[in-house]
Enquirer: 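Just dropping this structure here.
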Amino acid sequence: MKQTKTYNQKLIQSVIENGPQPLYEIFNNESVERILSGVTLEKTLFRGKRSQTSLSIKSVDAGQDLARIFGLNPKIFADKYLQATSGDGQEARRIRTLHSSSLLCLLCFYGVSEERPLNLNLEGHQVAFTSSKFEVKNPVGTDETGKEHNSNMDVVLYGKDSQTGKKVILFLESKFSEYMAWGKYSGISNHVYRKVYARLSHDGVLERMGLKYEECPDNPAYSDLAPIKGSTLHYTGGIKQIVSHFLGVKNAVAGKQFDDYDIYLGEILYKFPDSLEDANLKFKDYVQLYNTLAEGLNQLSEDKIKVLGQCLTYQDAFKDYDLEESVRTFYSL
């Protein structure tokens, strides 16, 4: 047993030293070591090679080992795990990465129920959420080749407004460390997205974000989300994703299935310790970008969908929630 612990510790330490994953510092402590004591960690397989900067929990079975590791309700978790890994076929492998935002999302939200409600303040409304669904697909549009574009929501929460009793649905995108990855986003289908980006550009939203939507020089059917000038010192992939989710939710709402709901779209981020200065800087930058985008999208939503004006954080959302102690400890929540 001690040998496994030592081996896992060494692996985590090597990832921190090899970088760029100082983020693994949150896993570099005795409490996490105890949770992973009977677990085999391995270097993540990426494009056929073992990564030096990423670790994964070795696959033992179809998710029930994760329930055992974190002390989760096996019956409830089994259903939620299947939902979370029902995407493109790679999900079951990716969700085992230690810094997977899908794993973070699943472990935190899987148990939301009538018995364990999650209470959130959404735009001044106290909402008690009592149900969760993972990897929910919404149709975004069809491109010029006839290919359908969908947005995959990490988690959708269902609940009630504590004051009014009105049913509430929250479509939520989850981020762990993704916002650290700065760079332009390429290959956005003009056929699907040009109209919404044109509105955001016309309303000055993109300019306030320091971004522009410009056609790819080698393929005018597609565009890039890039900085107005200089290097891309922003996480543009997250911005493109929220725009995609906005269109997806808008299309889902048009189908009348949520007529009697208050409908929200938002994003929840993991906030790393302030000691990780790079993480803190990138967190603040992305939050600022998101806030500006939310304001712009709310002008387009015709009040049917409310985009949360601020990002939620895992730290705030789960501060008072009945979260399994092992999950709280693992992520320092």
Enquirer: Do Phe27 and Ile35 have side chains that approach each other closer than 4.5 Å (heavy atoms only, starting at C-beta)?
Expert: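 Result no, sub-4.5 Å side-chain heavy-atom pair not found.
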Enquirer: Using the rule side chain to side chain contact (heavy atoms under 4.5 Å, CB included), only one of Leu211, Leu206, Ile239 pairs with Leu200; which is it?
Expert: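 Going through Leu211, Leu206, Ile239 one by one, the side chain to side chain contact (heavy atoms under 4.5 Å, CB included) with Leu200 is satisfied by Leu206 alone.
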Enquirer: Do His99 and Tyr24 have side chains that get closer than 4.5 Å, going by heavy atoms?
Expert: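 A side-chain contact under 4.5 Å exists here.
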Enquirer: Within a strict 4.5 Å, meaning less than it, do heavy atoms of the Thr292 and Val205 side chains meet?
Expert: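 Yes - at least one pair of side-chain heavy atoms lies under 4.5 Å apart.
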Enquirer: Do NZ/NE/NH1/NH2 and the carboxylate oxygens of Lys166 and Asp161 come within less than 4.0 Å?
Expert: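 Salt bridge between Lys166 and Asp161, a charged N being under 4.0 Å from a carboxylate O: no.
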Enquirer: Could you check whether any side-chain N or O of Ser301 sits under 3.5 Å from a backbone N or O of Asn298, counting only pairs where one atom can act as donor and the other as acceptor?
Expert: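 Indeed, once roles are kept as given, a pair shorter than 3.5 Å links the two residues.
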Enquirer: For Asn73 versus Tyr110, what's the shortest heavy-atom pair and its separation?
Expert: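 Residues Asn73 and Tyr110, closest heavy atoms: N-OH, 3.0 Å.
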Enquirer: If you define the side chain from C-beta out and look only at heavy atoms, does anything of Asp154 sit under 4.5 Å from Glu135?
Expert: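 Asp154 reaches Glu135 side chain to side chain.
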Enquirer: With a 4.0 Å cut-off, would you call Glu17 and Lys10 a salt bridge?
Expert: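 Salt bridge absent between Glu17 and Lys10.
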Enquirer: Output yes when a side-chain donor or acceptor of Arg93 lies under 3.5 Å from a complementary backbone atom of Leu45, and no otherwise.
Expert: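 Checking the backbone N and O of Leu45 against the side chain of Arg93, a donor-acceptor pair under 3.5 Å is found.
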Enquirer: Run Phe171 and Met153 through side-chain contact (heavy atoms from CB on, under 4.5 Å) and show every step you take.
Expert: CA-CA 7 Å; Phe171 294 88; Met153 287 309 322; 3.7 Å; yes
Enquirer: Is it true that Phe176 and Tyr314 have ring centroids separated by less than 6.0 Å?
Expert: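 For Phe176 and Tyr314, the ring centres are not under 6.0 Å apart.
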Enquirer: Looking only at side chains, do His245 and Asn138 share a donor and an acceptor under 3.5 Å apart?
Expert: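 The criterion, which ignores hydrogens and geometry beyond distance, is not satisfied for Asn138 and His245.
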Enquirer: Is NZ or CZ of Lys306 both nearer than 6.0 Å to the six-membered ring centre of Tyr264 and within 45° of the ring axis?
Expert: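 Output no; distance or angle outside limits.
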Enquirer: So, for Phe318 and Phe109, is the gap between ring centers shorter than 6.0 Å?
Expert: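 For Phe318 and Phe109, the ring centres are under 6.0 Å apart.
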Enquirer: Are the ring centres of Phe283 and Tyr235 closer than 6.0 Å?
Expert: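 Between Phe283 and Tyr235, the centre distance exceeds or equals 6.0 Å.
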Enquirer: Any non-hydrogen side-chain atom of Leu106 less than 4.5 Å from a side-chain atom of Lys80?
Expert: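 Yes. Closest side-chain heavy atoms under 4.5 Å.
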Enquirer: Quick one, Tyr193 with Ser244, criterion side chain to side chain donor-acceptor pair (under 3.5 Å). Give me CA distance, side-chain angles, the key distance, then yes/no.
Expert: CA-CA 8 Å; Tyr193 293 98; Ser244 180; 3.1 Å; yes
Enquirer: Do Glu214 and Ser223 make a side-chain contact, defined as non-hydrogen atoms from C-beta onward lying under 4.5 Å apart?
Expert: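 Counting from C-beta outward, Glu214 and Ser223 never come under 4.5 Å.
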Enquirer: Using a strict 4.0 Å threshold on nitrogen-to-oxygen distance, state whether Arg96 and Glu42 make a salt bridge.
Expert: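 So Arg96 does not pair with Glu42 through a salt bridge.
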Enquirer: Donor-acceptor pair, distance only, cut-off 3.5 Å: does the side chain of Asp143 make one with the backbone of His149?
Expert: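 No: the side chain of Asp143 does not pair with the backbone of His149.
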Enquirer: For the residue pair Cys216 and Gly187, what are the closest heavy atoms and their distance?
Expert: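 Scanning both residues completely, I find the closest heavy atoms to be SG-N, 4.3 Å.
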Enquirer: Applying side chain to side chain contact (heavy atoms under 4.5 Å, CB included) between Ile57 and each of Leu41, Thr97, Ile95, report the one that passes.
Expert: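 Among the candidates, only Leu41 passes.
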Enquirer: Would you call Lys175 and Gln241 a side-chain contact if the rule is heavy atoms closer than 4.5 Å?
Expert: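 Yes, side chains in contact.
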Enquirer: Do the non-hydrogen side-chain atoms of Asn28 and Gln13 ever get within less than 4.5 Å of each other?
Expert: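 Answer yes - side chains close enough.
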Enquirer: Would you please test Tyr179 and Tyr290 for side-chain contact (heavy atoms from CB on, under 4.5 Å) and show each step?
Expert: CA-CA 11 Å; Tyr179 58 82; Tyr290 170 90; over 6 Å; no
Enquirer: Without swapping roles, check the side chain of Glu144 against the backbone of Ala221 for a donor-acceptor pair under 3.5 Å.
Expert: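 The answer is no, because no donor-acceptor pair under 3.5 Å joins these two groups.
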Enquirer: Let me see the working for Leu104 and Phe330 under side-chain contact (heavy atoms from CB on, under 4.5 Å), right down to the final yes or no.
Expert: CA-CA 10 Å; Leu104 168 67; Phe330 191 69; over 6 Å; no
